[in-house]
Amino acid sequence: MSRSWWLRIALLAFLIVFSCAILMPTVVEMVLYPEETEDVANDNIEEGVRNPPLPEWYTELPKWMRSKTLSLGLDLQGGLMLRYSVDIDSAIDDKLASNAANIRAELANIGVDLEDYNVDRENNQLSFIFKDVNETGKITDSNFLDNHPMLAYVKTVDRTVTLGLRENYFKEVEESAVQSAVEIIRERIDGLGVAQPTVRVEAGRNIAVELPGLSRSRVAAAEKLISTTAVLTFKLVADRSESISLFTTLSQNIPENSGIYTGGGTLRADDVIDPATKRVVSSGKDILKKFVRDNEKIIPNGRDIAYEKVDLRERRMEVAEDVDVNTLPTSWRIRLVRTDLPALSGDNVEAAYPASNPDTNMPYVSLKLDHVGGDTFYDITKEHVGDQLAILMDDVLVSDPVIRSEIPGGNVSIEMGRGSRQDTLTEVNNLVVSLRSGALPAPIRQEYKTLVGPSLGKDSIETGMESLIIGFCIVFGFMIIYYHISGVFAAFALMFNVLFIMAGMASMGAALTMPGIAGVVLTVGMAVDSNVIVFERIREELRNSETPRKAIHMGFDKALWAILDSNITTAVAALVLMNFGSGPVKGFAVTLLLGIIATVYTAFFVTRTMFELKVRISPDKMSI
């Protein structure tokens with residue numbers, strides 16, 4: 001036998017073994033030990049616990065052998081469907097407050113003192129009251145306003161200068177914020193390893209998110225990671241005496257039965273838990289935020305409220321020894337922070353990565369700031385030695401270390417509370433993913449959450465598999481009846497075709513959807529068409545009294561370009577759908593493209609190899 005024939009045999013054997021190895025994790029995790037998803041909406045489930053557990057022999061395999069699985073789409077396996085709305089108004093409010101603090105700091109740097117300044121959130125305006133009326137022109141200078149492109153001059157009355165949003169700024173921010181949010185959410189979802197997620201804009205500010213095949217142990221983590229705005233800011237914790245004074249004033253306005261109480265010199269609120277479902281009905285943070293929003297006029301300029309989870313160690317000191325603090329609802333408290341510092345945020349972060357403290361073995365987030373951020377951070381720490389630095393993610397205080405000395409170089413460490421190591425590691429990894437993907441341009445609110453149950457997926461799989469099996473049986477029967485032994489060769493080629501398609505999808509981390517199954521059925525039809533063209537060419541050569549060996553050779557050669565032409569045009573269409581489509585359309589395109597590649601290979605190499613083997617065994621007979 002020729003060397004090329006043996007190479008084709010070796011390549012076919014390798015592809016079959018490789019495809020089976022690629023699909024092995026899929027068979028184990030989805031067929032033999034499928035994860036139960038009936039209670040996917042139940043939040044009272046231990047994170048990361050799989051039910052049923054995977055067999056020990058499988059978990060002991062190297063990770064690279066278990067990393068690729070063929071996922072099912074939302075229509076087959078179920079999953080999480082979310083809709084968010086982008087809160088542009090809150091983003092504008094935050095930008096106004098940030099610009100006000102920056103302008104105050106810039107004026108101070110050039111020797112101009114302000115008597116006061118005010119942020120008018122209702123009219124989207126900033127008012128600056130100067131001590132000297134002759135210095136009002138400093139802020140209206142065009143060169144000064146060039147550093148604040150969102151602002152425009154409005155008016156000057158005596159010593160008060162008013163700035164507002166420039167024309168069309170709100171519309172520009174709305175359009176760019178929604179598109180940026182879509183890209184950032186998509187990047188964060190990629191960090192979760194969800195196959196074939198769908199993120200799209202719906203009706204202006206709304207964003208729809210579909211996460212197929214999301215196991216119940218990852219639902220809460222996915223929601224938290226998506227909705228985290230991830231705006232990292234550095235501020236200073238206000239003096240304790242100032243904080244106690246303000247919180248005492250606020251405590252006089254606490255409504256009855258609001259869930260807010262005083263403790264530790266601050267105001268606190270606990271999560272409200274539904275006793276039946278054990279799910280959080282209302283977050284303690286949200287309760288406090290609503291109260292602070294209703295009393296925001298009491299909070300002085302240059303100060304803001306941050307929210308902090310009460311540490312488990314503190315809670316353990318507040319309850320009896322026999323009480324398990326892990327079963328208690330999360331407790332939140334408010335902290336007073338200063339906003340009269342130069343702006344320093346996540347935009348100044350060049351790199352973020354998880355690290356581990358060698359002394360405590362606890363994970364933390366290590367940040368590297370850019371040149372501007374590093375210089376600003378150095379100045380802040382140099383001027384405020386002995387003060388507490390407030391490191392906030394969105395409006396949540398995640399760390400409040402005391403500044404012992406100035407910190408050069410722009411290297412910052414963020415310690416994430418004092419919970420268990422695994423919980424802390426999860427928080428660290430989520431924060432790193434959020435920082436690497438970038439901050440959302442505006443906060444997003446979850447409008448609704450829909451969990452697609454397994455019954456829809458089960459029915460769809462059964463229907464799809466039935467259609468696939470029926471299609472195979474009809475095709476196999478026709479080919480064997482009409483082409484005899486050659487039809488058997490075609491049937492084997494079709495089975496290898498489907499095997500290679502599934503292995504290709506698994507290696508890409510793609511998800512199989514109902515349109516994907518339709519793509520497989522369509523591929524089977526196209527593969528049969530290719531075999532029919534080849535077989536008819538071989539028949540023509542046999543009718544011309546050619547030997548079986550020569551008929552096979554000439555039949556495949558004559559059919560080659562006809563089949564390639566039709567498959568190339570279909571492949572171009574599939575590439576267009578894959579690049580510009582999303583969700584089910586993209587799933588169909590991926591399956592179709594893999595099917596075309598597998599069809600060309602099996603029709604011209606696998607089938608031909610079997611024909612040549614048959615001719616070598618009985619060179620004078622051809623059953624076709």
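All values below come from the heavy atoms of this structure, side chains included, with hydrogens, waters and symmetry mates left out. Nothing fancy with the numbering, it's 1 onward along the sequence.
Each of Asp271, Thr330, Asp395 was checked for a side chain to side chain donor-acceptor pair (under 3.5 Å) with Lys285, and the lone residue meeting it is Asp395. Just one residue in the list Leu246, Ile287, Leu250, Thr248 forms a side-chain contact (heavy atoms from CB on, under 4.5 Å) with Leu267, and that residue is Leu250.
In this structure, CD1 on Ile226 lies 7.5 Å from CD1 on Ile444, to the nearest 0.5 angstrom. Atom NZ of Lys155 and atom OG1 of Thr160 lie 9.5 Å apart (nearest 0.5 Å). Asp239 contributes atom CG, which lies 11.5 Å from atom OG of Ser245 (distance to the nearest 0.5 angstrom). One finds the CD1 atom of Ile305 at 11.0 Å from the CD atom of Glu296 (value rounded to the nearest 0.5 Å). The CG atom of Leu288 sits 6.5 Å away from atom OH of Tyr307, with the distance rounded to the nearest 0.5 Å. Here the OH-CE distance, from Tyr169 to Met150, works out to 4.0 Å after rounding to the nearest 0.5 Å.
Between Tyr261 and Asp270, the closest side-chain pair of non-hydrogen atoms falls below 4.5 Å. A heavy-atom distance below 4.5 Å is not found between the side chains of Ile299 and Asp304. With contacts defined as side-chain heavy-atom distances shorter than 4.5 Å, the pair Lys368/Asn411 qualifies. In this structure, Val201 and Gln179 have side chains that are in contact, with non-hydrogen atoms separated by less than 4.5 Å. Using a 4.5 Å heavy-atom threshold, the side chains of Thr262 and Phe247 count as separate. Contact annotation: the side chain of His371 approaches that of Asp375 to within less than 4.5 Å [non-hydrogen atoms, C-beta and beyond]. No side-chain heavy atom of Val161 sits under 4.5 Å from any side-chain heavy atom of Ile129.
In this structure, a donor-acceptor pair under 3.5 Å is present between the side chains of Ser85 and Glu447.
Contact detail for Ile244 and Gly265: the closest heavy-atom pair is CG1-O, 4.1 Å. Contact between Ser283 and Trp332 at its shortest, heavy atoms only, is OG-NE1, 4.0 Å. Taking both residues in full, the closest heavy atoms of Leu328 and Arg315 are given as CB-NH1, 3.8 Å, listed atom of the first, atom of the second, then distance. Pairing each heavy atom of Phe291 with each of Asn295, the nearest pair is O-ND2, 2.8 Å. For Phe130 against Glu135, the heavy-atom pair with the smallest separation is CE2-O, 3.6 Å. The heavy-atom pair separating Tyr364 from Ser356 by the smallest distance is CE2-C, 3.6 Å.
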Test side-chain contact (heavy atoms from CB on, under 4.5 Å) on Asn253 and Ile298 and set out the steps. CA-CA 11 Å; Asn253 297 336; Ile298 300 177; 3.2 Å; yes

Begin from the C-alpha positions of Arg338 and Glu242 and carry the test side-chain contact (heavy atoms from CB on, under 4.5 Å) through to its verdict. CA-CA 11 Å; Arg338 296 171 54 180; Glu242 181 184 1; 5.6 Å; no

Hey, mind stepping through Leu126 and Asp120 against side-chain contact (heavy atoms from CB on, under 4.5 Å) and telling me if it holds? CA-CA 6 Å; Leu126 302 176; Asp120 184 354; over 6 Å; no

Full working for salt bridge (charged side-chain N to carboxylate O under 4.0 Å, His left out) between Glu308 and Arg333: CA-CA 5 Å; Glu308 181 185 26; Arg333 63 186 170 203; 3.0 Å; yes

Give the C-alpha distance, both sets of side-chain angles, the deciding distance and a yes or no for salt bridge (charged side-chain N to carboxylate O under 4.0 Å, His left out) between Lys290 and Asp294. CA-CA 6 Å; Lys290 183 180 183 303; Asp294 293 339; 3.3 Å; yes

Give the C-alpha distance, both sets of side-chain angles, the deciding distance and a yes or no for side-chain contact (heavy atoms from CB on, under 4.5 Å) between Ile103 and Leu151. CA-CA 11 Å; Ile103 289 174; Leu151 299 175; 3.8 Å; yes

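For Thr136 (side chain) and Val133 (main-chain N/O), a donor-acceptor pair under 3.5 Å exists by modelled atom type. Thr381 places a side-chain N or O within donor-acceptor distance of the main-chain N or O of Ile407, the cut-off being under 3.5 Å. At least one donor-acceptor pair under 3.5 Å links the side chain of Arg166 to the backbone N or O of Pro149. Under the 3.5 Å distance criterion, the side-chain polar atoms of Thr339 are matched with a main-chain donor or acceptor of Gly302. A donor-acceptor pair under 3.5 Å links the side-chain atoms of Asp132 to the main chain of Asn134, judged by distance alone. Between the side chain of Gln388 and the backbone N or O of Asp400 there is at least one donor-acceptor pair closer than 3.5 Å. Between the side chain of Ser127 and the main chain of Asn118, no donor-acceptor pair closer than 3.5 Å is present.
Sparse packing is recorded around CG of Asp158, with 12 or fewer heavy atoms of other residues, nucleotides or ligands lying under 6.0 Å away. Within 6.0 Å of NZ on Lys138 lie no more than 12 heavy atoms contributed by other residues, nucleotides or ligands.
Here Ala390 pairs with Lys235, Val237, Val337, Leu392, Leu397 under the side-chain contact (heavy atoms from CB on, under 4.5 Å) rule; sequence neighbours left out. Listed by chain and number, the residues in a ring pair (Phe, Tyr, Trp, His ring centres under 6.0 Å) with Phe377 are Phe234 (sequence neighbours excluded).
Remark: Arg186 engages Glu183 in a salt bridge, criterion side-chain N to carboxylate O under 4.0 Å. At a threshold of 4.0 Å, the pair Glu318-Arg268 counts as salt-bridged, since one of the basic side-chain nitrogens sits closer than that to a carboxylate oxygen.
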